[in-house]
Amino acid sequence: MDKDYDVIVVGAGHAGVEAALASARLGNKVALITLYLDTISMMSCNPSIGGPGKSNLVTEIDVLGGEMGRHIDEFNLQLKDLNTSKGPAARITRGQADKYKYRKKMREKLEKTENISLIQDCVEEILVEDIKDRQNLSYEKKVIGVKTRLGLIYNTKAIVLATGTFLKGKIVIGDVTYSAGRQGETSAEKLSDSLRELGIKIERYQTATPPRLDKKTIDFSQLEELKGEEHPRYFSIFTKKEKNNTVPTWLTYTSEETIEVVRDMMKYSPIVSGMVNTHGPRHCPSIDRKVLNFPEKTKHQIFLEMESENSDEIYVNGLTTAMPAFVQEKILRTIKGLENAKIMRHGYAVEYDYAPASQLYPSLENKKISGLFFSGQINGTSGYEEAAAQGFIAGVNAAKKIKGEEPVIIDRSEAYIGVLIDDLIHKKTPEPYRVLPSRAEYRLTLRYDNAFMRLFNKIKEVGIVDKDKIEFLEKSINNVYTEINNLKNISVSMNDANNFLESLGIEEKFVKGVKASEILKIKDVNYDDLKAFLNLNDYEDFVKNQIETMIKYEIFIERENKQIEKFKKLEHMYIDKNINYDDIKGISNIARAGLNEVRPLSIGEATRISGVTSNDITLIIAHMNDK
Ligand SMILES: Cc1cc2nc3c(=O)[nH]c(=O)nc-3n(C[C@H](O)[C@H](O)[C@H](O)COP(=O)(O)OP(=O)(O)OC[C@H]3O[C@@H](n4cnc5c(N)ncnc54)[C@H](O)[C@@H]3O)c2cc1C
Ligand SMILES: NC(=O)c1ccc[n+]([C@@H]2O[C@H](COP(=O)([O-])OP(=O)(O)OC[C@H]3O[C@@H](n4cnc5c(N)ncnc54)[C@H](O)[C@@H]3O)[C@@H](O)[C@H]2O)c1
């Protein structure tokens, strides 16, 4: 059997799937090796995709040629527009997936993609050889293959590791612990030892999930029902649907009694007993953690979400815990609607090995081992969307590496993908990293609705999206700018403008004639409203949306653009890959250590390394100018 591949992707979770598809779509022969073929794209926890920052990541990989956006648009139970009354930077879509269909259809997608071989096995060893002629100072070795649990050797030029929570995974429920990557699935016990032997630093994190209930045993009669949107804003710009599913979720709350039970039983909590002593995701705390941190709060939201239309399993969003089984049952008795609910799967925590991402370049390639890429939870992140975004970038860059092309690197001003990767490499967080709008400096620019505009050049650089789609996007972008210009040039008399506002029930008045763009700036006036008295074109919704946002928020967008210009100047001051920091006199030892560890690609990146001061930066620039 042929065992030679261009790229080997290890792990078919959300990162691995995107990596394999991206690499194959760029013409490579890919092996996707995973522990269990029936759990491809498995959602380990929440059956949902999207949320603040996360939705933006999904739209970004979508326009670049990734899969997650169009897949959730198709295989969801509902999509909901969130934050509609807030500013454009906050507006997003949240999708509740049909978890079964999502993973089944993703497997079908992989099987139908030319150039991908799916293999069920466990990778235990990364095979490398020394680089003799070291033209790049940073690489010491290069990958040549992997060895699996079955003793098979697969040869390759690049490897993308996407192993999630499986490396030496240990499950904890109360005082019960056992080895597993996810409940019911074996862990991978040897791969992280192989990485350690290659000199890669390995640490441990933890994450947890709530219990799943049997729908038949829940009393929905007293619960609030929340339906999705019939016409949501889809994640993918290319999705066309008559209307979307609106399968409901239900809302209930914890009670004073719930908090009392958790408090009484706290000694059994693994985070109190010490059964779990690694850091877990701070932004998705367990119910025991919420009671410890906010003892006075008794009413926490609990969303009950179906996992699939083909199952009775209900996900209890907001009740994450790894307390013992009997405590989980006691807690449920205190929550409206769940008094008689039966648990199908108990909540649990899992501890696992990960490799801190400071060891990577922004291409997601390891700095010492050429051709070894890391993506997803193995980089210390949490979340499907974070995993998918990294998987996509790693898959693209593995493909570029093989072709001898420059990697695709996206910066903080271009996409949440850039914020995510830049933060991972330069900022050590004490818990699994989750993308959040507060981490992005240029939030108004990195909107959910405009990835096709801000990433247009990157779409071409990546090279996956086909010509027709690129032309469609280019035409749409032209339409946005042409129409903005048009509206800025159409004069409207004071009377016409005021009559129009009055017809919409808006009290505001103009005191002189205005341009049409000024009318559109008024709150509650949208592009289609202007058609009442102006002869305007009919564009696709996503185009009209851009016209409105770019006109309404023009001043703020311009202000942000100026900041981005300054940022870009430093990002574009590239540092020679072979620079020897020991040659630069005057920089501090702490800066030198940081620079040697990170090996920044640009002056902008160097400024974000902790311990590097503006004086050090001046000295590096002077050194570069002397060369
Ligand atoms: C209990 C729990 C709760 C979580 N809660 C949430 C949540 O609410 N929401 C959220 O967004 N995220 C949550 N996460 C995290 C989320 O599941 C991950 O961030 C996301 O799935 C990571 O994607 P990934 O592709 O990196 O890894 P995973 O989805 O974990 O996939 C890893 C894949 O690698 C394979 N694999 C591992 N090692 C090997 C090997 N040596 N050889 C071959 N194959 C291998 C596995 O079989 C698996 O298919 C949770 C995870 C767990 C386990
Ligand atoms: N153990 C864990 O729970 C764990 C571990 C790792 C990562 N995570 C992350 O946590 C996220 C869950 O946390 P979150 O609360 O920020 O995200 P979420 O998607 O559950 O909630 C986002 C927003 O949607 C609202 N919302 C939630 N469910 C809803 C529903 N059914 N209908 C309408 N609105 C709903 C919430 O109130 C919130 O404002 C996951 O997406 C995952 O990335 C959780």
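Here the structure is a predicted model, which is why all the values come from computation and not from measurement. Just so you know, ligand 1 is whichever comes first in the structure, and atom 1 is the first atom listed for that ligand.
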### Query
So is Tyr348 close enough to ligand 1, meaning a heavy atom under 4.0 angstrom away?
yes
### Query
Charged N to carboxylate O below 4.0 Å: is that the case for Arg70 and Asp73?
no
#### Entry: Location of contacts on Ala188 toward ligand 1, heavy atoms closer than 4.0 Å
side chain
### Task
Examine ligand 1 and decide if any of its atoms is less than 4.0 Å from a heavy atom belonging to Asp121.
yes
#### Entry: Ala15, portion touching ligand 1 at heavy-atom distance under 4.0 Å
both
### Task
Look up atom CG in Leu195 and atom OG1 in Thr163, then write down how far apart they are to the nearest 0.5 Å.
8.0 Å
### Task
With heavy atoms only and a cut-off of under 4.0 Å, state how Thr34 meets ligand 1: side chain, backbone, both or neither.
both
### Task
Taking ring pair (Phe, Tyr, Trp, His ring centres under 6.0 Å) as the test, write out the residues that go with Tyr5, two or more places apart.
none
### Task
Validate the cation-pi geometry between Arg182 and Tyr36: distance from NZ or CZ to the six-membered ring centre under 6.0 Å, angle to the ring axis within 45°.
no
### Query
Going by distance only, is there an N or O of Tyr36 that falls short of 3.5 Å from an N or O of ligand 1?
no
### Message
One thing to verify: whether Arg103 and Asp38 come together as a salt bridge, which I'm taking to mean a side-chain N less than 4.0 angstrom from a carboxylate O.
### Response
no
### Query
Does Ser48 approach ligand 1 within less than 4.0 angstrom via side chain, backbone, both or neither, non-hydrogen atoms only?
neither
### Message
Test your reading of the structure: does Leu167 have an N or O sitting under 3.5 Å from an N or O of ligand 1?
### Response
no
#### Entry: Identity of the nearest option to atom 31 (O) of ligand 1, non-hydrogen atoms only, from Gly347, Gly13, Ser41
Gly13
### Message
Under 4.0 Å from a heavy atom of Leu191: which atoms of ligand 1 are those, numbered in the order shown and with their elements?
### Response
41 (N)
### Backbone or side-chain N or O of Gln377 under 3.5 Å from ligand 1 N or O
yes
### Message
Less than 4.0 angstrom from a charged side-chain N to a carboxylate O is my criterion; do Lys101 and Glu74 meet it?
### Response
no
#### Entry: Atom indices of ligand 1 within 4.0 angstrom of Thr165 heavy atoms, with elements
30 (O), 53 (C)
### Query
Any ion pair linking Lys29 and Asp6 (charged N to carboxylate O, less than 4.0 Å)?
no
### Message
What's the separation between atom CD1 in Ile410 and atom CD1 in Ile393, rounded to the nearest 0.5 Å?
### Response
4.0 Å
### Summary
Filtering Gly169, Ser375, Ser382, Gly164 for the heavy atom nearest atom 30 (O) of ligand 1 leaves Gly164
### Query
Out of Leu35, Thr209, Thr381, whose heavy atom is nearest to atom 1 (C) of ligand 1?
Thr209
### Query
Out of Thr207, Asn46, Thr163, Val10, whose heavy atom is nearest to atom 38 (N) of ligand 1?
Thr163
### Query
Would you call Glu305 and Arg94 a salt bridge, using N to O less than 4.0 angstrom?
yes
### Query
By ring pair (Phe, Tyr, Trp, His ring centres under 6.0 Å), which residues pair with Phe326, not counting sequence neighbours?
Tyr268
### Message
Tell me the contacting part of Tyr384 for ligand 1: side chain, backbone, both, or neither, using a 4.0 Å heavy-atom threshold, strictly below.
### Response
both
#### Entry: Parallel, tilted or perpendicular, as decided by the 30° and 60° cut-offs, for the rings of Tyr354 and Tyr205
parallel
### Query
Counting from 1, what ligand 1 atoms have a heavy atom of Cys45 closer than 4.0 Å?
3 (C), 4 (C), 5 (N), 6 (C), 7 (C), 8 (O), 13 (C), 50 (C)
### Message
Need the ligand 1 atom indices (1-based, order shown) with element for anything under 4.0 Å from a heavy-atom of Gly376.
### Response
26 (O)
